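Here is the structure we will look at, set down as C-alpha cells.
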Amino acid sequence: MAELDRVEKSSHSLDKSITLPPDEIFRNLENAKRFAIDIGGSLTKLAYYSTVQHKVAKVRSFDNTAKEASSEKLYEISVQEEITARLHFIKFENAYIETCLDFIKDHLVNTDTKLIKATGGGAHKFKDLIEKKLGLKVDKEDEMTCLIRGCNFVLRNIPHEAFIFTKHADSEFRFQNTHPDIFPYLLVNIGSGVSIIKRFDELLQLASKGQHTNLDMLVKDIYGGSYGSLGLTGDLIASSFGKSATTDKEFSKEDIAKSLLHMISNDIGQLACLYARLHSLTRVYFGGFFIRGHPVTMHTITYSINFFTKGEVQALFLRHEGYLGAIGAFLKGAEEDNPNQYSWGENYAGSSGLMSASPDINPMQRARSGTFDMLEMDRLERKLVNLPLLEDPSSYVPDTVDLTVDPLAREYWLFCFEDALDGVVKRAVASQPDLPEAVERAEKFRQKYRHKLQTLRQQPFAYGSLTVRSLLDTREHCLNEFNFPDPYSKIKQRENDAALRCYQKAVAALDALGWEEKQFALVRGVLAGNVFDWGAKAVSDVLETDRDFGFEEAKQKLEERPWLVDSYNQWLQRLKGPPHKCAVFFVDNSGMDIILGVMPFVRELLLRGTEVVLASNSSPALNDVTNGELQILTETIAAMDPIIQAGLKEDRLVLVQTGSSSPCLDLGRLDKELTIVVRERRADLVVIEGMGRAVHTNYFARLSCESLKMAVIKNPWLAERLGGKLFSVVFKYELPTPPPPAAPPMKEEEEEEAVFSP
Amino acid sequence: MALNGHRGDIEVNNDEDETPTKPLRSAREEMTPDDPADEPAGGTATTGGPGASARGASLHRPGTTRSDSLRRSRPPFPWFGMDIGGTLVKLVYFEPKDITAEEEQEEVENLKSIRRYLTSNTAYGQTGIRDVYLELKDLSLCGRTGNLHFIRFPTYDLPAFLQMVRNKHFSSLHTTLCATGGGAYKFETDFRTMADLQLQKLDELDCLIRGVLFTESVVVSDPSECYYFENPSDPERCEQKPYGLQDPYPLLLVNIGSGVSIMAVYSETDYKRVTGTSLGGGTFLGLCCLLTGCSTFEEALEMASEGESTRVDKLVKDIYGGDYERFGLPGWAVASSFGNMLTSEKREGVSKADLARATLVTITNNIGSITRMCALNENINKVVFVGNFLRVNTLSMKLLAYAMDYWSKGQLKALFLRHEGYFGAVGALLELLHPS
C-alpha cells in the first residue's frame, strides 16, 4: 500500500496533463468484450476487443434486364454498414487506474464478459479494486508467458515493429523488416518494480548531464593508456565506481547517475550476449520499463551489445514493447476467437505511435508520454503472407525511399500531403452529397490527418519508417475513421462508364496494327491509362478543370522514347520468344487505366496463350480499381469481347484480391489466396503498374521470375529526383538474378588479398 | 612431482630429494581485529572489456637440472616480483635462507638492509602490509632455498614506495625489477625518474596464469593451496576442504580485482581471455563508500557481515509470494537488486550494514552469473576464483560456491586459492628467474 500511496502523492502534478477526453481514449467501449489488463510497477496497460461499425462502399451491377431502363450507369454504388473487429490497447500511469475503471464501468453497455485477464507485478495489488469497480472476475496469467505471446504477435503483425537505435545517425531509428520467420529470438525484459516514472526519468536526465569518468576507473587510469595486447582501449571502464573508493572528494549526483547507467546497461548487455551466444541467437529484443523509448538507455544498451559481440549481434527494440504483456494476456483470454488465425494491421488513425521519452529531444512529447498512449489494431479480413515469387523475402523492402533517413524527401512529401489536404476534404464531402453532416466529418478528418502530419514532422519514426506509402495509408485510415470509405466512388463510376464506351473501338484500332506496332501501342496504352491518377495533383488539377481530357490527350502527355527507364527493346525481344505460362498483373486506377490500358494488354497476353491473374485492391484507395469493381467491369467487357469471355470461361483469366487497401503495394503482405493462385499456376511474370506500386514501392524489388514495372511519373519533384521530368516513363523489364555460377577453384590467399587490399 | 600432474619449472635439490619442495607448514592465520590491515583492497585491476584472446602465455619450460648451470643463469639478488594494480600493489620477495658465510661477506650492505627491513617488519610505512600467514617457507627456487614473502600496499602510495627505494639506493644493486599490472606501464617513467629503476614490463594475464600454476604446484599440502566448499547449499554444514588440482585443464580462471577478467586455460601455454566485467572489487568498495561512508575494504566487509541483504533486495517471493515455479525460480532468488529501496518507507528500515551486504551480494552474484555463462559457453566445469576481492571475504566465496553449485545443478565446481591476489606478482618473479 505504501507504494500505491506514493504514486498518488507524486502524481498530483501529472493530473493536469490529461489532455485527451476519456472518450477519445477508451474508444468503442459500447461493444467491448474480452478485457485484459497488465499492471506494472508504474504503468497500466488495458486491452479489449471491440467491434467497429463503419461504412463501406459496395458496388453491385444492375439487373441486366432493368439496365437500359434505369440509367446509363453500369453499376450502383451503395454504402453499407459493416462490422469489423478491432483491438484496443491503452497505456496510462497507475495513478489514473481508478478514474479509468470508473469510466469503463459507466460506458460498458452490452457486454457478457465475466472475466478480465490480468498480468504484471501489480495485478494482485489492484485485484480487489478491479473486481469491485468492473464487476469482472480477475483471472491471472503468467507474466513471462504473456510477454512472449505478445512479442510474437507484434512481430508477426506489425511490419516495422523492431528497430535498431543509432545515436549519431541521421535517423536514430532504423526499422527492421519483419523476417518471415520470427524465431528464434532472445527477449530481454528490463522491468523491476520501478514505481515512480517521474523520478526514474529525472534520474536518466541527471545521468545524461553527468561524467562517468569521475567515478569509474578506466583502463587508462590503470595503464596510463590502452591495454594493447588485449585490444582494450584506454577509455574502457575497468572498474565501475572504482574511483569513488580511493578519493575523499564529493561526487555530483549527475556523475553518480551516469556511472550507474553505464554499469547497469553494460552488465545487462553482457549477460544478454552470453545468453545469445549460448543459444546461438542473433536477434535480441530489449523491452521493459528501463527502455521505454528512452534514447539514453537504448544507446547504452546498443553500445554494450556492439561491444561485447563485436557487432555480430544487434540490439533490437520494439515500438510497442510496453504493450507486450497486455497483448499476451488478451490473446490468452481470446483464444476462442482464434486471434492468431487472422492478420492484424496497426490502425494509424487510432494509434499514438512511438513517442520519444527524451526530455531533450522534444519537450512537447514529454507531457504526452506521461499520460495516455493508444494502440489500435484492425482485424484484417484476409490472412496476409508474402508473395512466393520474391527473390529473398527476408530482405525485401517494399518502400523505395525511407523518408525517416532522407530529410529533404521527408520535407517535400509532408508538404505535398498537407498541400493536397484541401482537395481530399473537398472530394470527401462531394462523395456524400446526401449527408449534410459530411462537411463536419470531413473537417474532423482534416484535423486528424493534419495532426498526424505534424506528429510525423516531429517524430518521423512514430509508425515505423516514414514512407510515401505510410503517408498514403495513414490518410486512408483517417478517411475510414470518419466514414469516408470511398471518396472517389462517383468519379470511378463515371470514368469506368466513359472508358467502357471506348473499349471496342480501342481494341479494333489495336487489332488493325501490325504485330510490332501493336506491342508498342499496348504498352503506350497502359502508360497513357496510368496518367489518370487522382492521387497525383498534377493530374487531378487537369481532370478537375478539363472534363474532355481523354485517352488520346493522355498519350500526348507521355514522354517520347527513349524513356527515363527504358527496357522496351528487351521486352519486345522477349515477346518474340515463347509465351509466358502465367502473368500476375497488379493493377492501379479505374477508368481509362484499367479498361483502355490494362485490358487490351491482358487480352494480348491471353491471345499469346498466357494465363492472367488480375490482382486488385480488396478495399478502396483513391481512384484505384477495387476487386468488386473489377469483377463487374470484366464481366461487362467479356460481354463485348469474346477473347476476354473465353479467358474467363476457360479459367485462363482470374481475378483475385490483394488483401490491401493501399495505393501502394507490399509484396510481403498479400492475401493468402492470391499467393496460392500464384503458386498453383506457376506464375512466371509479374507485372506491376503505377507510381504507387512500381515507383514508391517495389522499384527495387527483386523477383525470382521475370517482372515488368510500368509507371508514369506524375509528380514533378519525384521526376526531378529520378532525373526526369513530369510524365516521364518508367518501363523496367527485369529478369531474375541468375543462380551463382559454380565456384572457381579456391585460391584462398588471392581472395583474401583482393578483399583487403586498398 | 607427479602429484601435481605437471612439472614445475623450479627444480631444487634434485639430486638428493625426490620431492621438489618440502610440504609447507604455515597454518592459515585468521585475520584478527587488531591486524594492521586497514587499507582498501580490490586487487589487480583488470579491464572490464571483453576479451581479445591472448593465447600463447608461456609458462613452464624444463628447468636446467644442474646446479652449476643454475648458478650461472640465475639473476643476482634481490629477487622481487611486482604487480601494480588499479587499487593495490602486490610485491613478492624471495628471502634466501641458504646464504653461505662466503656469500654473506660478499653481500653489499644495501642488499642486507633491504632483506632485514622487509623480513623483520610486518608493516611498512602507513599502509604497507606483509601477509605473514601466506609466507611460503623453505621454498626452493633456482637452486636456492628460502622464504617467499607477500607484501601489499595501496597503489596511491606508490610515490612513498619509490621514495623509499630511492633512499635505500636500490638502483645501485643493478637488479632488474619485473613488474606487471597496468601500473607497470603507467608508472614506468616514475620508476625511472624517481628511483632510477628500469622496469621490465610484463603482461598481467601471462603472469597471473604462470603464478597460479606455479604456486599450486609447489604447495602440496596443509594447508592446501586450492580448496573448495563442501555442502555449499547448507550453511550449517558448509565447510572448507582441500582440493587437489592434479588435473587442472581446462580451467576457467576468474580474477576479481578492481575489475574482473575471465580466462579459459587449456594448458600451461594456451589460454584466452573470455570476457571481463567492470563490476568487481573496486565497484563493491566504491559503492559501499558512497552508500555507507566507509573508507576501507575491511570496514566494508565488516559491515556487510552484520547486514541483511534481503531487506534491500526485492526477492522473487516478494513479487510472487513464493517460488516462480513455471520458470524454476526459487522464492529466495533476488528478482531486483536494491529493488526494495524505491520506497522511502523501506529505505528508512535499512541499516548501512544492510546496504553493504546487498552491495556485496549484488556484485558477487553478478560475477557468479557471468562466470557460469562463460563456463557453459566454453564447456568448462572447473572454476578457480582468485583476486584480492576474495581476501578475508568468506561471504563472497561461499556465495560463489553456492551459486555455481545451485544454478548448474551440481555440474560446476568453484575452487579458491589461498594466495588470492598475489599470483601476478609471483608470475613476475618467475619471469625474472626464467625469462620466457
Side-chain angles (χ1 to χ4, degrees), chain A residues 2-3 5-6 41 121 124 142-145 191-196 199-200 215-233 236-248 251 256 259-260 262-263 266-267 270-271 273-275 277-278 307-310, chain B residues 40 42 45-52 54 84-87 154-156 181-183 185-188 203-205 257-259 273 275-283 285-290 295 297 314 319 321 324 326-327 335-336 339 342-346 366 369-370 373-374 376-377:
Chain A
E3 221 167 315
D5 290 343
R6 169 157 285 278
H124 68 272
D142 177 72
E143 195 173 350
M144 285 196 220
T145 315
S192 76
V194 181
S195 53
I196 300 120
R199 289 178 45 212
F200 182 82
L215 286 99
D216 291 346
M217 188 183 280
L218 309 186
V219 167
K220 68 180 172 203
D221 291 323
I222 301 173
Y223 273 81
S226 64
Y227 183 178
S229 67
L230 286 182
L232 303 175
T233 62
L236 289 177
I237 304 171
S239 174
S240 296
F241 289 92
K243 281 194 216 162
S244 63
T246 52
T247 358
D248 296 330
F251 296 97
I256 294 175
S259 285
L260 267 175
H262 277 291
M263 180 175 95
N266 283 336
D267 198 44
Q270 179 173 28
L271 283 166
C273 291
L274 288 167
Y275 278 96
R277 190 173 306 154
L278 184 63
F307 180 76
F308 284 110
T309 67
K310 302 190 181 77
Chain B
T46 46
T47 39
I84 311 170
T87 311
T155 305
Y156 65 73
Y185 297 81
K186 187 180 178 185
F187 301 111
E188 189 187 8
D203 180 80
E204 63 173 278
L205 299 184
S258 306
R273 183 172 184 272
T275 190
T277 167
S278 68
L279 280 82
T283 315
L285 183 56
L287 284 176
C288 268
C289 293
L290 292 175
S295 58
F297 181 65
K314 190 169 263 180
I319 299 172
Y324 188 178
R326 203 189 137 83
F327 294 98
S336 173
L342 301 165
T343 59
S344 60
E345 195 187 49
K346 289 236 170 83
N366 189 58
S369 295
I370 293 171
M373 293 305 300
C374 290
L376 280 172
N377 278 329

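Please read these numbers as outputs of a predicted model, since none were measured by experiment. Numbered from 1 within each chain, the chains take letters A, B, ... in sequence-line order.
- At a 4.5 Å heavy-atom cutoff, the contact between A:His124 and chain B is made by side-chain atoms alone.
- For A:Leu271, the part lying under 4.5 angstrom from a heavy atom of chain B is the side chain only.
- Of the possible donor and acceptor atoms, one in the side chain of B:Thr155 sits under 3.5 Å from a partner among the backbone N and O of B:Gly85.
- Between the side chains of B:Glu204 and A:Tyr223, at least one donor N or O sits under 3.5 Å from an acceptor N or O.
- When each of A:Glu143, A:Lys220, A:His262 is scored by its heavy-atom pairs under 4.5 Å with chain B, the top score falls to A:Glu143.
- Under the 3.5 Å distance criterion, the side-chain polar atoms of B:Asp203 are matched with a main-chain donor or acceptor of B:Leu205.
- Residue contact with chain A, scored on non-hydrogen atoms closer than 4.5 Å, involves the backbone and the side chain of B:Leu376 alike.
- Only the side chain of B:Phe327 comes within contact range of chain A, with at least one heavy atom under 4.5 Å from a heavy atom of that chain.
- Checking side-chain atoms of A:Ser244 against main-chain N and O of B:Gly286 turns up a donor-acceptor pair under 3.5 Å.
- Residue A:Leu215 touches chain B through its side chain alone, counting heavy-atom pairs closer than 4.5 Å.
- In this structure, chain A has heavy atoms under 4.5 Å from both the backbone and the side chain of B:Asn377.
- Without hydrogens or angle criteria, A:Ser239 side chain to B:Gly281 main chain gives no donor-acceptor distance under 3.5 Å.
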